[in-house]
Protein chains: 2
Amino acid sequence: MKTQMTDMLDIEIPLAAFSHCRDVVAAVTNAGGIGVLGATAFTPDQLELELRWLDEHTGGRPYGVDLLAPAKLSFTDETPEQLLAMVPAQHIAFMQDMLHKYGVLDSADDYTLNPSTPSVAPDQVSAALEVAFKHPIKLIANALGVPPQEMIDLGKKNGVPVAALVGKVRHAEKQQERGVDLIVAQGYEAGGHTGEIATMVLTPEVVDAVSPTPVLAAGGIATGRQFAAALALGAAGAWTGSVWLTTDEAETDPVVKQKFLDAGSSDTERSRARTGKPARQLITAYHEAWASSNNPDPLPMPLQGVLVNQAWGRIAAASTKGVPGAAELDSYFVGQVVGLMRQAQPAREVVRNFMDGLVEAYSGLQEQLEG
Amino acid sequence: MKTQMTDMLDIEIPLAAFSHCRDVVAAVTNAGGIGVLGATAFTPDQLELELRWLDEHTGGRPYGVDLLAPAKLSFTDETPEQLLAMVPAQHIAFMQDMLHKYGVLDSADDYTLNPSTPSVAPDQVSAALEVAFKHPIKLIANALGVPPQEMIDLGKKNGVPVAALVGKVRHAEKQQERGVDLIVAQGYEAGGHTGEIATMVLTPEVVDAVSPTPVLAAGGIATGRQFAAALALGAAGAWTGSVWLTTDEAETDPVVKQKFLDAGSSDTERSRARTGKPARQLITAYHEAWASSNNPDPLPMPLQGVLVNQAWGRIAAASTKGVPGAAELDSYFVGQVVGLMRQAQPAREVVRNFMDGLVEAYSGLQEQLEG
């Protein structure tokens with residue numbers, strides 16, 4: 001195939017796969033698309049190990065790295081200790097009650113927050129960028145607003161295209177002005193942090209607004225029909241995330257993986273309960289508790305993360321161990337396409353399905369037009 | 001063209017245009033698609049006049065009729081007087097204050113509600129059906145849930161396909177079981193009453209669930225690229241509404257028409273403030289007033305309509321007369337595609353754009369695949 005995306009990234013299939021799991025990234029890259037490693041959760045040393053592994057397993061084929069690097073963030077001036085002190089006692093008590101009720105925390109134990117460096121600290125972003133650019137990456141992406149100038153400068157200097165995610169036309173225009181090379185227009189139906197405009201409307205709007213800068217469609221794309229629709233809307237390719245979470249390679253917690261396979265498209269919601277900003281995720285007892293009018297409202301980002309991230313580590317661990325209450329709470333970010341994710345498959349097979357479905361949709365269109 | 005939709009309805013282009021305006025309906029029908037008259041607001045006598053006009057202006061080409069006919073509705077047992085008595089005084093006072101503040105109602109006048117037959121009364125639906133089936137309609141559609149059995153029976157008896165709108169897979173399955181011939185899967189981004197699932201996800205899900213019953217995609221379709229995307233998603237055609245509101249033929253109030261041409265995709269919201277159920281519409285001062293935490297919550301359907309419908313008659317009239325406050329409040333149902341509606345055009349031209357854009361999207365896909 002040939003699109004602006006395949007030309008820019010030197011790939012065969014205009015399909016980007018965002019994943020925190022290097023095996024998925026390598027499988028998609030090796031199948032002719034481009035795997036993009038979500039690197040936010042890694043320390044610079046861990047990232048170095050992941051990328052070294054990718055270099056060894058992709059034989060020079062293109063892969064990318066995605067960071068969550070805010071141009072500026074409200075709380076960056078605060079130390080981890082200061083952030084901790086800003087979390088209301090009422091919220092900690094609410095989380096503690098939840099963890100007790102669902103058997104994640106022994107009733108004799110308190111839920112106490114330990115300071116841990118928020119992953120969005122500027123020095124960590126710089127260190128991650130430094131690591132990433134030591135490797136032969138073919139794409140650097142930013143998942144949260146306008147990328148820091150440092151990312152754009154390093155991209156230009158190294159000849160690596162810089163991608164950024166947007167949910168509105170005016171954000172796309174701003175990104176283009178700042179020198180971003182590839183715009184990912186992410187619709188309302190996507191998993192994770194997402195806006196209000198659906199992919200069907202956002203994609204052509206953004207394509208028109210930033211032409212000739214290439215645009216990838218994101219949100220609602222898990223099958224070849226949706227891949228074809230994204231291209232028909234004017235996108236140069238598709239940016240996908242949710243569909244990889246149920247692949248054989250994905251390190252998705254097994255309880256969550258099964259929940260995803262069982263879920264319908266109505267089982268997700270945009271909730272502030274996990275990060276403080278609206279992020280689409282599977283609805284579980286956790287979200288129902290936060291949504292109850294008797295309970296506190298989620299805190300703004302990044303305080304909500306400071307409050308709940310350590311609880312999520314415990315929930316996932318207990319859920320994997322078979323604690324029933326933990327399994328009830330257990331969840332993860334996923335888009336409405338979860339309703340179309342019905343069986344675990346190797347990532348390479350998912351890429352093949354994307355291509356087969358695309359060709360089938362194209363042939364169908366051909367028959368309809370010529371009929 | 002040839003799809004399940006063109007075969008079923010004997011049309012050339014698999015494009016349905018929903019409109020309350022007979023001129024739009026006739027123009028789309030005469031251009032090779034199918035115009036569908038939204039008949040909810042007409043009395044049976046008015047509907048008879050509209051359909052007689054359509055018969056005279058479509059030369060035997062296929063057109064359809066759309067009703068808002070609930071299988072059952074919470075308040076159908078109540079008389080108009082009883083419904084009026086259920087509207088809280090606090091809500092009437094709030095509307096009166098709004099109408100005073102924006103100069104729609106003279107400050108000396110009270111906002112009083114007069115009983116008027118709600119358009120969803122069962123006897124009105126039967127009378128409308130009787131009128132519709134006296135004419136050579138080629139499609140009868142229901143915009144609200146499962147159609148009443150009477151509609152399905154009349155459709156079967158007269159060989160007229162029955163269509164129904166759905167926003168979830170399980171609603172589609174229910175409609176299919178009840179004997180509906182054509183499912184309109186309407187996504188979150190659509191104007192009017194709509195659900196939470198975006199067209200990009202809902203369309204293939206519903207197609208898979210009800211196959212071989214044909215499915216039309218609705219929501220987010222105002223251009224040929226989106227039409228192509230709908231077909232790529234597996235739909236047998238597109239069901240469109242918003243895009244016709246800014247055509248030359250549309251009787252859209254001129255203030256609202258201009259607002260639509262100026263609006264971006266972020267300027268709509270799903271609000272309960274007009275009908276009592278979530279319906280997407282252009283956000284104006286009216287919606288901001290209802291959304292304010294100091295003000296009452298919207299009432300359930302149909303009480304909210306009983307409360308506000310007469311105010312909307314006054315707002316539209318005053319807005320058209322040039323009362324600035326009325327223009328601030330003025331709004332109508334419209335989808336997120338309002339951001340792509342940038343110039344008033346004849347309806348015939350819009351049909352041509354749909355076809356040109358579809359062919360262009362198809363050729364683009366062909367080049368990308370063969371490149």
Side-chain angles (χ1 to χ4, degrees), chain A residues 1-3 6-7 14 167-170 187-190 195-205 207-208 217 219-234 236-237 264-266 268-269 335-340 357-359 361-362 364-371, chain B residues 1-3 6-7 14 167-170 187-190 195-205 207-208 217 219-234 236-237 264-266 268-269 335-340 357-359 361-362 364-371:
Chain A
M1 289 185 66
K2 183 177 167 64
T3 74
T6 60
D7 285 350
K168 289 187 177 184
V169 167
R170 64 181 172 80
Y188 157 88
E189 54 269 63
E196 301 266 13
I197 313 300
T199 298
M200 197 82 167
V201 172
L202 184 68
T203 308
E205 262 196 320
V207 167
D208 287 349
I221 308 174
T223 68
R225 289 178 294 192
Q226 291 158 327
F227 189 17
L231 296 172
L233 291 170
S265 59
S266 299
T268 74
E269 70 178 10
Q336 292 185 337
V337 287
V338 73
L340 292 159
L358 167 60
V359 169
Y362 166 76
L365 213 45
Q366 186 172 38
E367 276 177 40
Q368 290 175 333
L369 275 164
E370 292 173 1
Chain B
M1 288 186 66
K2 184 177 166 63
T3 74
T6 60
D7 285 349
K168 288 187 178 185
V169 167
R170 65 180 172 81
Y188 156 88
E189 54 269 63
E196 300 266 13
I197 312 301
T199 298
M200 196 81 167
V201 173
L202 184 68
T203 308
E205 260 195 321
V207 167
D208 287 349
I221 307 174
T223 68
R225 289 177 293 191
Q226 291 158 328
F227 188 18
L231 295 172
L233 291 169
S265 59
S266 299
T268 74
E269 69 177 10
Q336 292 186 336
V337 287
V338 72
L340 292 159
L358 168 60
V359 170
Y362 166 75
L365 212 47
Q366 187 172 36
E367 275 177 41
Q368 291 175 333
L369 275 164
E370 292 174 0

Measure distances from [X] to the heavy atoms of chain B and classify the residue's part below 4.5 Å as side chain, backbone, both or neither.
X        : value
A:Ile221 : side chain
A:Glu269 : neither
A:Val169 : neither

Exactly one of B:Leu231, B:Thr203, B:Asp208 clears side chain to side chain contact (heavy atoms under 4.5 Å, CB included) with A:Arg225, and that residue is B:Asp208
Most contact-rich option vs chain A, by heavy-atom pairs under 4.5 angstrom, among B:Gly357, B:Gly220, B:Ala361, B:Pro204, is B:Pro204
Comparing B:Ser265, B:Ala228, B:Gly195 against chain A, the one with the most heavy-atom pairs below 4.5 Å turns out to be B:Ser265
By side chain to side chain contact (heavy atoms under 4.5 Å, CB included), B:Glu196 pairs with (sequence neighbours left out) A:Tyr188, B:Arg270
Those residues at least two apart in sequence (or on a different chain) that pass side chain to side chain contact (heavy atoms under 4.5 Å, CB included) with B:Glu367 are none
For B:Met200 and A:Ala229, the nearest pair of non-hydrogen atoms, with its separation, is CE-CB, 3.9 Å
Closest non-hydrogen atoms of B:Ser266 and A:Lys168, given as atom of the first, atom of the second and distance, are OG-CE, 3.8 Å
With chain B, the option among A:Glu370, A:Glu189, A:Met1 that has the most non-hydrogen atom pairs under 4.5 Å is A:Met1
Working to the nearest 0.5 angstrom, can you tell me the gap between [X] [atom1] and [Y] [atom2]?
X        : Y        : atom1 : atom2 : result
A:Leu365 : B:Gln366 : CG    : CD    : 10.5 Å
B:Gln226 : A:Leu233 : CD    : CG    : 6.5 Å
B:Gln368 : A:Leu358 : CD    : CG    : 8.5 Å

Point to revise | Polar side-chain atom of B:Glu205 near backbone of A:Leu340 as donor-acceptor pair, under 3.5 Å | key: no
Q.
Donor-acceptor pair, distance only, cut-off 3.5 Å: does the side chain of B:Gln336 make one with the backbone of A:Ala198?
A. yes
